[in-house]
Amino acid sequence: MNQDQKHIGVVYFTQTGQLKHLVERVLSVFPDNYKVDYLRIVPEHSFPFPWSSWKFFDAMPECVLEDGMEVEVEGIITGKRYDLLIVAFQPWFLHPSLPMTSFMQNEIAESLISGTKILTLIGARNMWLNAQEKIKKHIIRLGGHLVGNIAFVDSSPNLVSTLTVIRWAFKGQKEASKFLPEAGIQQKEIDRAPDFGKSILKAFESDDWEGLQNELVNKGAIDIKPALILLEETGTKQFKIWAKKIKSKGGPGSLERKPIVLLFKNILIVGIFIVSPIKGLVSKFQAILKRRRLESDLIYYKSVDYIDNKF
């Protein structure tokens with residue numbers, strides 16, 4: 001094996017392909033002596049895209065309560081170690097997607113993560129802080145060393161991105177329509193990915209990883225709106241309450257829990273389109289009143305540090 005060759009592993013789950021595309025754009029600046037293995041998480045129960053309404057909302061309890069399932073990892077080479085492992089994921093219901101949580105609970109994760117430098121890459125609508133905290137905790141538990149984080153988000157206004165992601169998730173239409181833009185992360189954000197890759201490549205070549213996250217942050221790899229921290233805190237608490245209620249009625253797909261899943265769906269829709277805009281305005285005022293605390297939170301969430309139960 002060429003001693004100058006470096007090995008990067010990318011473990012990911014994606015329904016649409018967007019997340020893998022983001023990783024590919026980040027790594028597009030790497031020269032040929034960097035070998036990249038894409039390790040796709042394959043859950044025992046598939047999650048077809050576009051979603052059916054029932055399948056989507058029924059996935060919430062297990063996702064929020066981190067009740068994983070069996071997974072396989074496609075492309076894995078037993079015993080192979082990586083110079084850097086990229087963990088690419090998206091949040092579902094303000095938590096890591098169920099396939100990613102399931103991977104983190106699988107023994108394969110420890111074999112890949114233990115003693116390895118880890119970079120997390122997130123593709124999200126606009127809220128990802130709690131999901132990242134969950135992944136950080138898993139990385140520490142499994143003996144990995146988090147050296148960087150990049151969060152790609154939909155930069156459209158909150159209500160607009162809600163409408164476009166609903167259109168994409170349930171109808172499969174990513175393209176712009178008459179009144180709404182294209183769904184997902186905007187091209188202008190994706191076009192910044194190679195610049196983030198240059199910072200990672202620099203860390204490789206200098207073998208200095210301590211300053212990577214600060215450099216990524218300075219390049220805009222993390223953009224957090226203070227008011228959204230407060231909105232996400234509220235949403236996370238509500239999801240946990242509903243997850244426990246639904247789970248108490250039965251397991252995934254069971255008819256016994258269907259009525260309460262449908263009730264949750266209806267209340268969530270009302271919350272998104274009626275309560276959330278009001279809460280958003282209130283959060284902006286709260287952000288002013290809690291400015292000092294949120295300034296500290298912003299520093300923390302942009303870092304790769306971990307404080308247990310911070311969120």
Side-chain angles (χ1 to χ4, degrees), residues 10-28 38 40-41 43 46-53 55-57 59-60 63 86-101 119-132 135 149-197 216 219-225 227-228 231-232 235 239 265 268-269 272-273 276-277 280 301:
V10 180
V11 61
Y12 72 101
F13 172 81
T14 180
Q15 292 169 292
T16 67
Q18 180 175 249
L19 196 58
K20 186 181 180 185
H21 178 60
L22 290 170
V23 178
E24 289 172 338
R25 292 287 287 141
V26 168
L27 298 180
S28 64
Y38 285 92
R40 186 171 74 94
I41 298 169
S46 63
F47 295 95
F49 193 90
W51 288 88
S52 70
S53 176
K55 185 88 171 177
F56 177 77
F57 290 102
M60 185 276 288
C63 188
I86 297 176
V87 175
F89 71 97
Q90 62 183 148
W92 290 1
F93 301 101
L94 307 181
H95 290 70
S97 71
L98 189 53
M100 181 54 73
T101 290
L119 183 136
T120 46
L121 187 147
I122 303 165
R125 187 171 74 85
N126 59 11
M127 297 185 195
W128 52 267
L129 302 180
N130 181 61
Q132 175 68 354
I135 294 296
N149 177 43
I150 302 170
F152 291 95
V153 298
D154 185 339
S155 56
S156 298
N158 188 41
L159 185 57
V160 173
S161 67
T162 300
L163 292 169
T164 57
V165 79
I166 288 173
R167 184 190 64 196
W168 191 15
F170 298 117
K171 293 185 177 181
Q173 183 184 343
K174 187 179 190 298
E175 301 77 20
S177 54
K178 186 175 181 180
F179 298 108
L180 293 171
E182 183 179 14
I185 296 157
Q186 280 72 31
Q187 188 60 45
K188 65 180 180 179
E189 301 299 327
I190 297 173
D191 288 343
R192 299 166 64 206
D195 197 32
F196 303 147
L216 289 172
K219 287 186 173 183
I222 305 288
D223 182 25
I224 304 171
K225 293 178 174 60
L228 286 180
L231 270 180
E232 187 172 344
F239 280 150
K265 168 190 169 181
L268 181 61
I269 290 172
I272 288 173
F273 292 107
S276 186
Y301 289 125

Test ring-ring contact (aromatic ring centres under 6.0 Å, His included) applied to Trp51 and Trp92, step by step: CA-CA 13 Å; Trp51 288 88; Trp92 290 1; 5.2 Å; yes
Pair Arg125-Thr162, side-chain donor/acceptor within less than 3.5 Å: yes
Heavy-atom side-chain contact between Asn126 and Asn158 under 4.5 Å: yes
With sequence neighbours excluded, residues passing salt bridge (charged side-chain N to carboxylate O under 4.0 Å, His left out) with Arg25: Asp191
Distance in Å, Tyr38 OH paired with Glu24 CD, rounded so as to fall on 0.5 Å steps: 4.5 Å
Passing option when Ile122 is tested against Ile135, Leu19, Asn149, Ile150 for side chain to side chain contact (heavy atoms under 4.5 Å, CB included): Asn149
Aromatic Phe47 / basic Lys55 pairing, under 6.0 angstrom, 45° off normal: yes
Side-chain heavy-atom pair Val26, Phe152 within 4.5 angstrom cut-off: yes
Backbone of His95 reached by a side-chain donor or acceptor of Asn130 within 3.5 Å: no
CD on Gln187 to CD on Glu182, rounded to 0.5 Å: 7.5 Å
Rounded distance [0.5 Å steps], CD1 in Ile224 versus CG in Leu228: 9.5 Å
Student check: side-chain heavy atoms of Leu27 and Ile86 closer than 4.5 Å: yes
CZ on Phe57 to OG on Ser52, rounded to 0.5 Å: 10.0 Å
Minimum-distance pair of heavy atoms, taken over all atoms of Glu189 and Val153: CG-O, 4.1 Å
Minimum-distance pair of heavy atoms, taken over all atoms of Ala124 and Met127: CB-O, 4.3 Å
Rounded distance (nearest 0.5 Å) linking atom CD of Glu232 with atom NZ of Lys225: 13.0 Å
Heavy-atom pair of closest approach, residues Pro43 and Phe13: CD-CE1, 3.8 Å
Residue Lys171 excluded, over 12 heavy atoms near NZ under 6.0 Å: no
Partner set under side-chain hydrogen bond (donor to acceptor under 3.5 Å, both in side chains) for Asp154, not counting sequence neighbours: Ser156, Gln186
Within-4.5 Å side-chain heavy-atom neighbours: Ile222 and Trp128: yes
Min side-chain heavy-atom separation Ile41-Val11 under 4.5 Å: yes
Any Pro50 side-chain heavy atom under 4.5 Å of Gln15 side chain: no
Ring centers of Phe93, Phe56 separated by less than 6.0 Å: yes
Shortest non-hydrogen contact from Arg167 toward Lys174: NH2-O, 3.4 Å
For Ile190 against Ile185, the heavy-atom pair lying closest together: CD1-O, 3.7 Å
Spacing of OG1 belonging to Thr16 relative to NE2 belonging to His21, to within rounding of 0.5 Å: 10.5 Å
Distance-minimising heavy-atom pair for Ser53 and Phe170: CA-CE2, 3.9 Å
Gln173 and Trp168, any side-chain heavy atoms less than 4.5 Å apart: no
